[in-house]
Chemist: 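Below you'll find the structure I mean.
The chains referred to below are lettered A, B, ... by the order of the sequence lines, with proteins before strands, and numbering in each begins at 1. The analysis underlying the following values was restricted to heavy atoms, covering all of them including side chains, and did not include hydrogens, waters or symmetry mates.
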Amino acid sequence: MHPILEGLNEEQQKVVLATHGPVLVLAGAGSGKTRALTHRIAYLIEQGIAHPQQILAVTFTNKAAAEMRHRIEKLLGSPANTPRSVSTFHAMGAKMLREQPGAHGRSRGFSILDMSDSEKLVRKALKDNNYSLKEWSPQAVRGMISKIKHDSPDIPDFSNPQKPSEEVLAKILPIYERLLSEHDAYDFDDLLRIPLKMLREVPSVRAYYQSRFKFVSVDEYQDTNAMQEEIISLMLGPEKNVCVVGDDYQSIYSWRGANVDHILQFEQRNPGCTTIILTQNYRSTPNILEAANKVIEQNIEQKHKKLWTTRTSTQAVQVRTLPSDRGEATWVCNQIGEHVRSGRRLKDCAVLYRTNAQSRLMEEQFLTHRIPYTIVGGFRFYDRKEIKDALALLSFSLSLSSRIHFERIASVLLTRVGPKTIDKWEQGARNSGLTLGIYLAQETDRSDLKKIIAAIYRAKQTNHERVSDLLRALLTDTGFMTALAALPDGKERIENVEELFNVAAAYTTTEAFLEDTALLSDLDRLETETDRVTCMSLHASKGLEFPLIFIIGCEEGLIPHGNSFNSPSSIEEERRLLYVGMTRAQDKLTITTSAYRFMGGEMTPQAPSRFLSDLPENVERSQENIFNVQQNSHTNSPESWDDISDFLHDEPTLVQPMSGSYVSHPQFGKGVIIGTIGEMLTCVFEGHGVKSVEATSCSVSS
DNA sequence: GACAGAAACGTTTTT
DNA sequence: CGTTTCTGTC
Ligand SMILES: Nc1ncnc2c1ncn2[C@@H]1O[C@H](COP(=O)(O)OP(=O)(O)OP(=O)(O)O)[C@@H](O)[C@H]1O
């Protein structure tokens with residue numbers, strides 16, 4: 001047998017060997033879809049069927065992309081033959097836009113605005129047009145704009161508004177787009193929208209990508225939206241070598257425009273399609289599989305698939321009802337303590353929840369129980385104020401014109417300068433036909449501003465080998481570091497900026513560095529090597545696996561979420577969400593509900609989730625002093641808790657690979673760790689960008 | 001324009 | 001209840 005086919009079952013081997021034409025892999029959770037796809041790509045290259053440059057592979061997260069690239073490299077044993085184009089749709093879009101300047105309305109060095117930056121532009125557009133920010137919250141309007149922009153590549157003009165909201169959009173949307181253009185920037189949605197427009201409207205661009213990518217694959221295809229589907233179809237040449245992989249049970253992003261029909265109708269839309277169904281689950285115990293299946297089988301609009309396993313563990317799925325939300329968090333801590341005492345590691349445990357707000361109580365209890373933990377999601381490292389300010393300075397040094405970046409700089413480094421003053425300067429710049437930076441360099445007589453501009457010019461003229469050198473020079477010379485140090489929590493902020501230097505050390509171009517800081521999510525920085533409990537939303541858990549899973553807050557109103565009550569299809573999506581969470585568990589699944597939950601200022605009685613009544617008979621149900629609600633205040637010393645620190649595996653004395661550490665790799669040279677998975681490190685290497693490498697293959701220093 | 005103290009407000013999910 | 005946004009003063 002071919003070595004790449006080893007470790008695959010018969011059906012998975014079919015996925016690998018069906019090299020040409022459209023291929024659909026539809027299969028339930030943990031059936032080895034991603035593994036089959038990875039081996040398929042390695043096989044195509046190893047057999048010489050495809051050149052590495054002809055491979056395009058799209059994944060759902062940057063982390064999944066890095067992991068897939070690493071696995072392919074390991075299978076091939078050759079970094080040189082590892083395909084470069086393994087990325088998310090958004091990262092791919094950004095790359096296309098940089099490759100095709102001139103085919104769209106921005107420069108090669110355009111910047112990417114994250115949600116909070118684009119919300120700032122919306123706020124400005126609303127304010128300048130005298131809309132009440134109370135009535136039209138920038139956040140909500142940004143949401144509406146985003147919805148419109150991921151619906152279609154062409155923005156409707158709302159010339160005939162039907163609703164008040166459309167009236168606002170008719171006014172605001174063109175202004176928002178103009179502001180984006182003035183900033184030489186794209187928002188997240190544009191990273192899909194503009195590449196699609198190019199593929200649709202510019203024949204030479206379409207021809208280029210069609211001849212370049214001869215073998216295309218997409219993981220998690222059930223969560224693609226209409227634009228993503230069209231981008232893929234326009235990239236395919238007449239031979240249509242495309243492999244899509246997914247599970248309609250796990251379609252959980254319809255609120256973001258994803259449409260499960262793309263996978264369900266793939267067969268009809270692609271005549272001659274080879275369809276492969278994987279049915280063996282390699283992840284979970286029979287009890288977990290049965291429970292998950294009982295939950296999902298209640299959905300009407302699914303293509304039902306049953307999974308089987310050869311695992312024999314009889315460990316029961318547990319459902320526990322607790323008196324209060326805080327009691328729930330405490331109980332989970334105690335359970336984790338039990339597991340650790342019986343030999344499990346903290347990193348084997350994950351706590352999943354429907355809303356990020358639920359992480360707060362877990363965090364509080366982990367702290368009082370002295371259990372190391374990490375919370376994934378919500379706030380990104382790159383969203384911290386000091387980091388955004390530092391990046392704004394770097395970004396402005398490139399463009400010398402971007403107003404939102406200048407505003408940030410001004411708020412940190414200049415006193416008595418707010419929107420009014422900047423308006424004035426911007427107007428002055430416009431009148432003299434100069435960019436803001438050049439205008440200020442010539443006109444200002446403020447010494448603080450002169451100092452900043454001079455520092456920027458000096459930094460630009462010096463030849464910095466690494467982005468970190470440039471960034472450090474900028475932040476030091478402008479007085480940014482001094483200003484940070486003067487803040488009450490200055491020490492911590494300086495530490496964060498130091499970590500930013502570490503990451504920047506791996507880049508040689510500022511544009512590439514800024515692009516990654518915009519595109520990398522919190523999840524992409526997840527470390528699974530340090531011994532900590534991981535907490536995240538059910539959405540964020542898609543594609544991951546842990547031996548021990550706790551799903552907390554399984555109550556009506558949370559899952560299914562209150563906002564989904566009025567729509568049967570939303571309820572079905574909530575059910576799929578629970579299915580996704582349950583199927584992350586390898587060995588033991590524990591579900592908790594709380595009888596009372598602190599909401600809106602008072603303890604509110606909660607009903608258990610309707611989904612729990614579909615669980616099979618063999619789940620272990622228990623509850624504990626449900627009426628013992630009064631004890632819901634926070635204390636710093638948990639009662640009857642034996643500290644587990646003796647059981648925690650202290651990390652070895654040699655340097656522990658962790659985020660921010662420097663690595664040195666035989667192939668890629670010097671780099672910095674941004675995350676770890678098992679024995680693998682996700683690193684950024686000088687001149688090579690984000691890569692996954694084995695911890696044993698490189699040396700680590702702090 | 002900056003800051004501190006007061007009021008409102010709130011609970012989806014994220015590339 | 002805890003966090004974010006607003007308001008009034010300097
Ligand atoms: N043929 C196989 N033999 C042994 N283990 C396998 C096999 N195929 C996959 N696995 C293991 O099963 C687990 C799930 O695989 P994978 O992540 O590829 O599944 P998936 O179908 O993509 O899952 P999900 O849809 O839940 O994300 C992994 O731990 C993987 O290593």
Side-chain angles (χ1 to χ4, degrees), chain A residues 58-65 87-94 112-116 118 123 132-134 137-139 142-143 146-147 149-150 186-193 220 223-225 227-228 251-258 325-326 352-361 363-364 376-380 383 407 410-412 414-423 488 515-516 518-524 536-543 553 555 557-565 570 573-574 576-578 580-581 597-604 606 632-634:
Chain A
V58 184
T59 59
F60 201 70
T61 63
N62 296 295
K63 185 139 197 124
S87 65
T88 62
F89 272 107
H90 292 267
M92 175 184 89
I112 300 167
L113 298 194
D114 64 20
M115 283 200 297
S116 60
S118 59
R123 176 184 294 265
S132 136
L133 296 185
K134 275 225 175 67
S137 86
Q139 201 187 350
R142 195 208 61 84
S146 175
K147 220 178 164 66
K149 287 178 79 167
H150 63 226
Y186 283 128
D187 66 15
F188 254 68
D189 299 304
D190 288 332
L191 298 182
L192 301 179
R193 196 174 72 86
E220 307 280 12
D223 275 323
T224 50
N225 68 29
M227 291 203 294
Q228 292 168 336
S251 160
I252 54 176
Y253 283 91
S254 74
W255 51 272
R256 203 170 82 180
D325 46 3
R326 181 167 274 120
L352 310 181
Y353 35 77
R354 177 65 235 272
T355 66
N356 283 313
Q358 289 170 263
S359 66
R360 224 199 74 249
L361 276 174
E363 178 159 38
E364 172 195 292
V376 176
F379 217 65
R380 300 184 318 151
D383 287 335
E407 272 180 4
S411 75
V412 183
L414 301 174
T415 56
R416 306 188 147 273
V417 176
K420 289 262 158 60
T421 316
I422 298 178
D423 273 344
E515 178 170 318
D516 278 359
L519 292 178
L520 288 177
S521 72
D522 202 43
L523 191 58
D524 300 320
M536 70 188 119
S537 70
L538 289 161
H539 282 90
S541 75
K542 187 169 79 160
E555 296 140 35
L558 275 173
I559 183 158
H561 195 274
N563 294 355
S564 66
F565 285 165
S570 301
E573 182 148 315
E574 297 286 308
R576 290 192 291 270
L577 194 50
L578 183 59
V580 167
R597 186 166 290 277
F598 198 94
M599 280 160 67
E602 55 183 345
M603 291 305 277
T604 318
Q606 295 286 102
N632 202 49
S633 60
H634 175 50

Chemist: Mind checking whether F188(A) and H90(A) have parallel, tilted or perpendicular rings, split at 30° and 60°?
Modeler: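 Correct class here is tilted.
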Chemist: Please tell me which of the listed nucleotides, dT14(B), dG2(C), dT12(B), lies nearest to the side chain of R354(A)?
Modeler: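 For the R354(A) side chain, the nearest candidate turns out to be dT12(B).
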Chemist: Find which nucleotide of DNA chain B each of E573(A) and I422(A) is nearest to by heavy atoms, and output the residue with the more 5' nucleotide.
Modeler: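 On the 5' side of the pair lies I422(A).
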Chemist: Looking only at the side chain of S521(A) (C-beta and beyond, no hydrogens), which of the listed nucleotides dG2(C), dT15(B), dT14(B) gets closest?
Modeler: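 The nucleotide sitting nearest to the side chain is dT15(B).
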Chemist: Please measure how far the C1' atom in dT11(B) lies from the corresponding atom in dT7(C), and state the result in whole Å.
Modeler: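 Each nucleotide's C1' atom is 26 Å from the other's.
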Chemist: Atom CD of E407(A) and atom P of dA2(B): how far apart are they, to the nearest Å?
Modeler: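 In whole Å, dA2(B) P lies 12 Å from E407(A) CD.
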Chemist: Just so I know, are the side chains of R193(A) and Y186(A) near enough to count as touching, which here means a heavy-atom distance under 4.5 Å?
Modeler: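 No, every pair of side-chain atoms sits at 4.5 Å or beyond.
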Chemist: May I have the distance from I252(A) (atom CD1) to dT13(B) (atom C1'), rounded to whole angstrom?
Modeler: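 Checked: the CD1 to C1' distance equals 8 Å.
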Chemist: Within the 4.0 Å heavy-atom criterion, would you say D189(A) contacts the bases, only the backbone, or no part of the nucleic acid?
Modeler: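 Answer is nothing: D189(A) stays at 4.0 Å or more from every strand.
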Chemist: Provide, to the nearest angstrom, the distance between the CZ atom belonging to R142(A) and the P atom belonging to dT14(B).
Modeler: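 Answer to the nearest Å: 13 Å.
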Chemist: At under 4.0 Å, does any side-chain N or O of N356(A) touch on OP1 or OP2 of dT13(B)?
Modeler: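 Yes, because at least one side-chain N or O of N356(A) sits under 4.0 Å from OP1 or OP2 of dT13(B).
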Chemist: Quick check: on DNA chain B, is the nucleotide nearest L414(A) upstream (toward 5') of the one nearest E574(A), or the reverse? Name the residue that is more 5'.
Modeler: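 First, find each residue's nearest nucleotide; the 5'-ward one identifies L414(A).
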Chemist: With a 4.5 Å heavy-atom cut-off, do S118(A) and R142(A) have their side chains touching?
Modeler: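 Heavy-atom side-chain distance check passes, below 4.5 Å.
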Chemist: Does the side chain of D524(A) come under 3.5 Å of the side chain of S521(A) through a donor N or O and an acceptor N or O?
Modeler: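 D524(A) vs S521(A): donor-acceptor pair found between side chains.
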Chemist: Could you state the atom-to-atom distance from CG of N563(A) to P of dG10(B) in whole Å?
Modeler: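 After rounding, the gap between these two atoms is 12 Å.
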Chemist: Tell me the stems DNA chain B sits in, counting at least three consecutive Watson-Crick or G-U wobble pairs, each under 3.5 Å on both distances.
Modeler: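 As far as DNA chain B goes, consecutive pairing (with distances under 3.5 Å) yields the stems B:1-10 with C:1-10.
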Chemist: When you measure from the side chain of R256(A), which nucleotide among dT14(B), dT11(B), dC1(C) comes out closest?
Modeler: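 Within the option list, the nearest is dT14(B).
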Chemist: Can a side-chain donor-acceptor contact be found between S146(A) and D189(A) if the only test is distance below 3.5 angstrom?
Modeler: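 Checked: D189(A)/S146(A) side chains pair up, N/O donor to acceptor below 3.5 Å.
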Chemist: Counting any heavy atom closer than 4.0 Å, what does F60(A) reach on the DNA or RNA strands: base, sugar-phosphate only, or nothing?
Modeler: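 Result for F60(A) = sugar-phosphate.
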Chemist: Going by distance alone, is a donor N or O of one side chain under 3.5 Å from an acceptor N or O of the other, for Q358(A) and T355(A)?
Modeler: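 Short answer, yes.
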Chemist: CG of L577(A) to NE2 of H561(A): how many Å apart, nearest 0.5 Å?
Modeler: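 Separation between the atoms: 11.0 Å.
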Chemist: At under 4.0 Å between heavy atoms, what does T421(A) touch on the DNA or RNA strands: base, sugar-phosphate, or nothing?
Modeler: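 Sugar-phosphate only.
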Chemist: Measure from the side chain of H561(A), starting at C-beta and using heavy atoms only, and say which of dT14(B), dC1(C), dT11(B) lies closest.
Modeler: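 That would be dT11(B).
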Chemist: Between atom CG in L192(A) and atom P in dT14(B), what is the gap in whole Å?
Modeler: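 Atom-to-atom, L192(A) to dT14(B), this comes out as 18 Å.
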Chemist: Kindly state whether the ring of F60(A) and the ring of Y253(A) have centres lying under 6.0 angstrom apart.
Modeler: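 Between F60(A) and Y253(A), the centre distance is under 6.0 Å.
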Chemist: Please pick, from dG2(C), dT11(B), dT15(B), the nucleotide with the shortest atom-to-atom distance to any side-chain atom of A357(A).
Modeler: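 Nucleotide nearest to A357(A)'s side chain: dT11(B).
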Chemist: Check this one for me: any side-chain N or O of T355(A) less than 4.0 Å away from OP1 or OP2 of dT11(B)?
Modeler: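 For dT11(B), OP1/OP2 do not have a side-chain N/O of T355(A) under 4.0 Å.
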Chemist: Could you state the atom-to-atom distance from CD of Q139(A) to C1' of dC9(B) in whole Å?
Modeler: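 The answer, rounded to whole Å, is 12 Å.
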Chemist: To the nearest Å, how far apart are E363(A) CD and dC1(C) P?
Modeler: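 Going from E363(A) (CD) to dC1(C) (P), I get 19 Å.
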Chemist: Nearest whole Å is fine: how far is dT15(B) C1' from M227(A) CE?
Modeler: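 Roughly 12 Å, once rounded to whole Å.
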Chemist: Could you please name the option among dT12(B), dT15(B), dT14(B) that lies closest to any side-chain atom of W255(A)?
Modeler: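 Nearest to the side-chain atoms of W255(A), counting from C-beta on, is dT14(B).
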Chemist: Within the structure, does a side-chain N or O atom of S564(A) lie under 4.0 Å from either OP1 or OP2 of dT12(B)?
Modeler: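 No, S564(A) has no side-chain N/O under 4.0 Å of OP1/OP2 on dT12(B).
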